[in-house]
Amino acid sequence: MKKYDFKSIEEKWQKKWDEAGSYNVTERADKPKFYCLEMLPYPSGHLHMGHTRNYSIGDAICRFKRMHGYNVLHPIGFDSFGLPAENAALENNSNPKEWTFKNIDTMRGQFRRLGVSYDWNREVITCKPEYYKWNQWFFLKMLEKGIAYRKKGSLNWCDKCNTVLANEQVENGFCWRHNDTPVIQKELVQWYFRYSDFAEELLQGIDTLEEWPERVVTMQRNWIGKSTGSTVKFKIKGSDKNLAIFTTRIDTIFGVTFMTLAPDHPMIDELVTDNTKLAEIKKFANKVREQNAKKAYDEELEKEGMPTGITAINPFDGTEIPVWVGNFVLMDYGTGAVMAVPGHDQRDYEFAVKYGLDIKTVIVPAKGGTQSEEGKAYTEKGVLVNSGQFDGLSSYDAIDAMNKFAEQKGFGGASVDYKLKDWCLSRQRFWGTPIPVIYCDDCGTVPVPEKDLPVLLPDVNISRQEGNPLASIKEFVETACPKCGKKAKRETDTMDTFIDSSWYQLRYCDAKISEAMINRDAVNYWSPVDLYVGGIEHAVGHLMYFRWFYRRLRDLGLLDGDEPVKRLMTQGMVIKDGAKMSKSKGNVVDPNDMINKYGADTTRLFSLFASPPEKDLEWNEAGVEGLYRFAHRVWNTISAHLDIIKDAQMPDAKTELTEAEQQIRRKTHQTIKKVTSDVEERMHFNTAIAAIMELLNEVSGFDSGKNPNAGPVLREALLNMVMMLAIFAPHISEELFSMITGEEFVIDRKWPEWDDKIAAENKLTIVIQINGKLRSQIEINVGEDKDTVLKMARNDEKASSYFEGFEIVKEIYVPNKLVNFVIKQK
RNA sequence: GCCCAGGUGGCGGAACUGGUAGACGCGCUGGACUUAGGAUCCAGUGCCUUUGGCGUGGAGGUUCGAGUCCUCUCCUGGGCACCA
């Protein structure tokens with residue numbers, strides 16, 4: 001008997017798959033398509049166990065679908081722009097490209113060793129000009145449509161990254177890459193995409209994402225943060241200007257006693273006439289900015305503010321109210337101004353108490369409602385009082401009535417607001433896609449003409465210095481204005497790498513096309529992605545950009561459809577020592593060691609068996625031996641029976657089988673059924689693998705010497721076992737399959753089918769309960785009628801011993817499951 | 001504070017629409033084989049005061065019957081956070 005030598009087996013089949021081009025696919029009409037995608041990896045140089053889990057999940061599904069007759073696209077590439085490469089290059093005065101491509105080579109090797117079924121012909125590497133050219137092209141299109149624009153704003157800044165960060169790259173107030181570096185706010189002029197203009201579209205689209213996990217959908221909804229309310233314009237006394245506020249509680253507007261502006265509200269400059277006052281406000285604004293930068297992420301600052309000297313007029317009742325600035329009013333939400341109703345808003349209440357401003361009650365609890373506590377604003381909805389013509393209305397009715405009123409009078413009305421902000425895409429870094437724009441003293445901001453794309457990133461060594469290395473490369477910066485031909489300067493900011501990962505899946509459909517961003521026909525064939533597998537940490541960042549981009553490409557006429565992903569599988573994180581496994585935390589476990597020791601098949605089985613994929617997984621290597629043993633047992637069991645199963649026929653209905661033989665067949669068919677549904681419906685690979693282990697245990701207990709049809713029934717059991725195992729542990733399965741059948745490529749076989757008749761049990765254990773407590777069990781034949789079962793149960797020796805001195809008041813029979821006698825003392 | 005998940009043996013985890021709690025694996029205990037084993041095989045393994053009792057974070061409830069449904073509560077993880 002041959003020993004299970006995983007090393008030679010794995011190398012052998014990897015080579016065979018390569019030579020046969022087993023995983024290379026083309027668009028073909030004769031098969032249904034299935035596009036399975038795993039999130040684009042960053043080429044850090046090493047896979048870690050989180051990756052292994054990710055790819056094992058995706059690969060199992062690919063192989064499963066393939067065996068179900070699908071034309072499966074399973075591509076891979078590298079998210080190869082970004083900071084680690086740049087930082088490594090700065091360290092050694094080298095070219096980030098070298099570091100990147102070296103790492104890509106290493107990782108290709110690791111993927112190969114894992115035996116993942118990728119079509120390498122479609123590899124996409126985002127730092128190559130043929131890819132990032134189209135980032136630039138897309139940017140120009142957005143510029144044309146007015147979706148890309150430049151503005152000055154307050155931005156998240158990480159001192160270690162030396163660049164701005166998007167909101168999604170800020171975690172608990174710290175940089176996502178440097179969790180020891182607090183993010184500060186900086187005023188900068190940057191490029192943006194009008195992301196928030198599409199908030200409603202993105203929100204509505206969520207309803208169509210039926211096969212996305214609920215938690216992701218909820219996170220996206222919260223991130224978009226829609227709130228319905230009203231906008232009301234307040235006139236300014238002694239000016240023809242007015243101040244707009246956003247509120248969700250227009251019903252409290254008769255309770256307004258002052259107004260609060262964000263300290264950096266742009267109207268302050270226009271409306272404050274007193275220069276000393278203005279200077280004071282500016283000072284205050286600076287102080288607030290500093291405080292916000294310093295404060296802990298979840299710390300709430302004490303409310304502070306100052307009067308501006310402006311007086312506003314409440315359009316509902318003509319009351320004159322003072323306008324203040326306050327440190328708690330955010331400029332980038334709503335209009336940056338709030339109407340203050342200290343009677344019915346806790347923040348306004350605190351502010352009013354501190355500065356001795358009026359507090360007015362305009363809402364009282366509806367009948368049966370509870371009054372608020374002492375020292376707190378009453379923030380519940382209720383019934384209006386002191387509100388003129390609106391008195392007596394419920395808050396709900398008042399909101400409608402007042403919105404209408406404001407609309408009629410032309411000073412406001414119903415409106416919606418979103419928390420979602422525009423997408424800042426500028427990064428002050430070298431290793432990224434250059435933004436294709438030129439600044440000319442005469443012509444202003446000039447887009448690079450399409451024919452001049454790509455704007456190439458200089459292929460040079462870089463070194464530590466102040467600011468972005470790109471800005472100091474003369475040959476790059478100095479150029480001619482495309483319009484007037486005079487000397488001009490290039491934009492030196494590069495694009496956020498989230499751009500790269502927002503459309504890569506479409507490039508896989510035709511990775512070689514050079515005349516367009518994507519191949520429309522190929523994209524329409526493969527898209528949308530049928531299954532997207534990746535980490536939960538991308539729930540709002542990447543996955544929202546991904547959706548936004550798809551819709552913009554649709555608007556450009558490059559593809560049909562609205563959503564890029566049909567079914568999303570978010571795997572839990574791999575945790576070690578209480579932290580997510582990542583290079584920056586220094587707690588990565590490289591799968592190489594495991595592959596060396598146990599082989600790729602065992603490593604894959606282990607990462608799937610440990611827990612269901614959506615759960616976080618605390619790293620613990622202890623169980624791996626069990627899967628290694630399992631692989632050996634499969635090997636040894638099949639080897640031991642090889643002689644009798646090799647030439648046997650599959651069992652047929654005519655042959656009389658022994659009880660033990662029937663049992664093997666039953667278990668075989670039950671296993672096929674369970675594995676199929678566990679994989680297809682829930683992707684619970686742990687229970688699917690457990691079921692295969694059970695089948696193996698059943699076969700181990702079977703004595704082939706005593707059963708005349710051992711050959712056929714074992715062939716059925718073991719061949720099907722190998723075929724099911726092929727989606728989890730492809731190498732050993734190929735080898736065993738060829739040993740049994742003499743043929744190659746189990747991956748091209750049809751997935752096993754089960755027969756419910758064979759899977760059905762013929763004897764059943766019925767549980768006997770007395771008053772709901774388990775007391776005994778009896779065995780019955782399938783299909784036994786109720787009366788017979790109840791009679792058997794009553795006569796059961798153990799059960800009947802409970803009846804003495806009691807009477808049976810009720811008998812419950814759950815078919816094929818249990819009998820419950822409800823008894824009472826006589 | 002608000003919104004999501006989730007609490008089951010020593011451990012990872014099973015349990016479909018309420019119906020034998022603990023599948024499968026790890027670990028542990030005992031045995032067999034062996035010069036030896038951290039290899040392999042066999043048996044056992046929720047807890048206890050063991051003709052029985054108790055057990056799915058805790059307290060109630062619904063039900064013939066609850067890990068599963070309802071109410072309250074505690075804990076853990078994640079997301080958002082002065083969002084007007």
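Chain letters run A, B, ... following the sequence lines, proteins first, then strands; residues in each count from 1.
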Checklist entry - What orientation do F685(A) and F728(A) show, parallel under 30°, tilted 30 to 60°, or perpendicular over 60°? => result perpendicular
Partner of [N] by Watson-Crick or G-U wobble geometry, both contacts under 3.5 Å, or none?
{"N": "A66(B)", "result": "none"}
{"N": "G6(B)", "result": "C75(B)"}
{"N": "C41(B)", "result": "G31(B)"}
{"N": "C80(B)", "result": "G1(B)"}

Minimum-distance nucleotide to [X] side chain [options: [options]]:
{"X": "S611(A)", "options": "G19(B), G13(B), C26(B)", "answer": "G13(B)"}
{"X": "N327(A)", "options": "G19(B), C82(B), A14(B)", "answer": "C82(B)"}
{"X": "W223(A)", "options": "C4(B), C80(B), C11(B)", "answer": "C80(B)"}
{"X": "L301(A)", "options": "C82(B), G77(B), C3(B)", "answer": "C82(B)"}
{"X": "F609(A)", "options": "G19(B), G12(B), G79(B)", "answer": "G12(B)"}
{"X": "V814(A)", "options": "U20(B), G13(B), G19(B)", "answer": "G19(B)"}
{"X": "R775(A)", "options": "G53(B), G19(B), A84(B)", "answer": "G53(B)"}
{"X": "M693(A)", "options": "G19(B), A84(B), G25(B)", "answer": "G25(B)"}

Distance between [atom1] atoms of [N] and [M] (Å, rounded):
{"N": "U17(B)", "M": "U68(B)", "atom1": "C1'", "value": "11 Å"}
{"N": "G77(B)", "M": "C28(B)", "atom1": "C1'", "value": "30 Å"}
{"N": "G38(B)", "M": "A5(B)", "atom1": "P", "value": "47 Å"}
{"N": "G1(B)", "M": "U49(B)", "atom1": "C1'", "value": "49 Å"}
{"N": "A43(B)", "M": "A14(B)", "atom1": "C1'", "value": "23 Å"}
{"N": "C74(B)", "M": "C64(B)", "atom1": "C1'", "value": "32 Å"}
{"N": "G67(B)", "M": "G22(B)", "atom1": "P", "value": "12 Å"}
{"N": "G9(B)", "M": "G18(B)", "atom1": "C1'", "value": "23 Å"}

Any [X] side-chain nitrogen or oxygen under 4.0 Å from OP1 or OP2 of [N]:
{"X": "R629(A)", "N": "C26(B)", "value": "yes"}
{"X": "N697(A)", "N": "G25(B)", "value": "yes"}
{"X": "K615(A)", "N": "G13(B)", "value": "yes"}

Describe the nucleic acid contact of [X] in one word from base, sugar-phosphate, nothing, applying a heavy-atom distance below 4.0 Å.
{"X": "V329(A)", "result": "base"}
{"X": "R215(A)", "result": "sugar-phosphate"}
{"X": "E214(A)", "result": "nothing"}

Checklist entry - Taking only residues at least two apart or on different chains, which pairs with a member in residues 323-340 of chain A satisfy side-chain hydrogen bond (donor to acceptor under 3.5 Å, both in side chains)? => result S227(A)-Y333(A)
Next on the checklist: Give me syn or anti for G9(B), where syn covers glycosidic angles within 90 degrees of 0.
Outcome noted: syn
Residues [X] and [Y] bridged, charged N to O under 4.0 Å:
{"X": "D796(A)", "Y": "R775(A)", "answer": "no"}
{"X": "E614(A)", "Y": "R215(A)", "answer": "no"}
{"X": "R347(A)", "Y": "D345(A)", "answer": "yes"}

Please give, in whole Å, the distance from [N] [atom2] to [X] [atom1]?
{"X": "D332(A)", "N": "C82(B)", "atom1": "CG", "atom2": "C1'", "value": "12 Å"}
{"X": "R604(A)", "N": "G25(B)", "atom1": "CZ", "atom2": "P", "value": "21 Å"}
{"X": "F351(A)", "N": "C82(B)", "atom1": "CZ", "atom2": "P", "value": "17 Å"}
{"X": "M724(A)", "N": "C24(B)", "atom1": "CE", "atom2": "P", "value": "16 Å"}
{"X": "E625(A)", "N": "C28(B)", "atom1": "CD", "atom2": "P", "value": "11 Å"}
{"X": "E779(A)", "N": "U20(B)", "atom1": "CD", "atom2": "C1'", "value": "14 Å"}
{"X": "E380(A)", "N": "G1(B)", "atom1": "CD", "atom2": "C1'", "value": "14 Å"}
{"X": "W176(A)", "N": "G79(B)", "atom1": "CH2", "atom2": "P", "value": "14 Å"}

Item to check | Heavy atoms from other residues, nucleotides or ligands near CD of E779(A) exceed 12 (cutoff 6.0 Å) | outcome: yes
Checklist entry - Where along residues 796-812 of chain A does a heavy atom come under 4.0 Å from RNA chain B, residue by residue in number order? => result Y802(A), K810(A), I812(A)
Item to check | Residues within residues 675-692 of chain A bordering RNA chain B, heavy-atom distance below 4.0 Å | outcome: R682(A), N686(A), T687(A), A690(A)
Next on the checklist: Tell me whether N636(A) contacts the main-chain N or O of H632(A) through its side chain, where contact means a donor paired with an acceptor under 3.5 Å.
Outcome noted: yes
Item to check | Aromatic ring proximity, centroids under 6.0 angstrom, Y802(A) and F806(A) | outcome: no
Item to check | Donor-acceptor pair under 3.5 Å, K419(A) side chain vs C80(B) base | outcome: no
Item to check | RNA chain B: 5'-proximal contact among K597(A) and V767(A) (nearest heavy atom) | outcome: V767(A)
Checklist entry - When you match L330(A) and E694(A) each to their closest nucleotide on RNA chain B, which lands nearer the 5' end? => result E694(A)
Checklist entry - Honestly, is K303(A) close enough over F328(A), meaning NZ or CZ under 6.0 Å from the six-membered ring centre and within 45° of the axis? => result yes
Item to check | Evaluation steps, side chain to side chain contact (heavy atoms under 4.5 Å, CB included), between F284(A) and V325(A) | outcome: CA-CA 9 Å; F284(A) 177 73; V325(A) 287; 3.8 Å; yes
Item to check | Pair R666(A), T671(A): side-chain N/O donor-acceptor within cut-off below 3.5 Å | outcome: no
Item to check | Step-by-step side chain to side chain donor-acceptor pair (under 3.5 Å) determination, S700(A) to R633(A) | outcome: CA-CA 9 Å; S700(A) 301; R633(A) 286 186 60 210; 3.1 Å; yes
Item to check | Trace of the ring-ring contact (aromatic ring centres under 6.0 Å, His included) decision for W619(A) with F606(A) | outcome: CA-CA 11 Å; W619(A) 183 249; F606(A) 174 65; 5.8 Å; yes
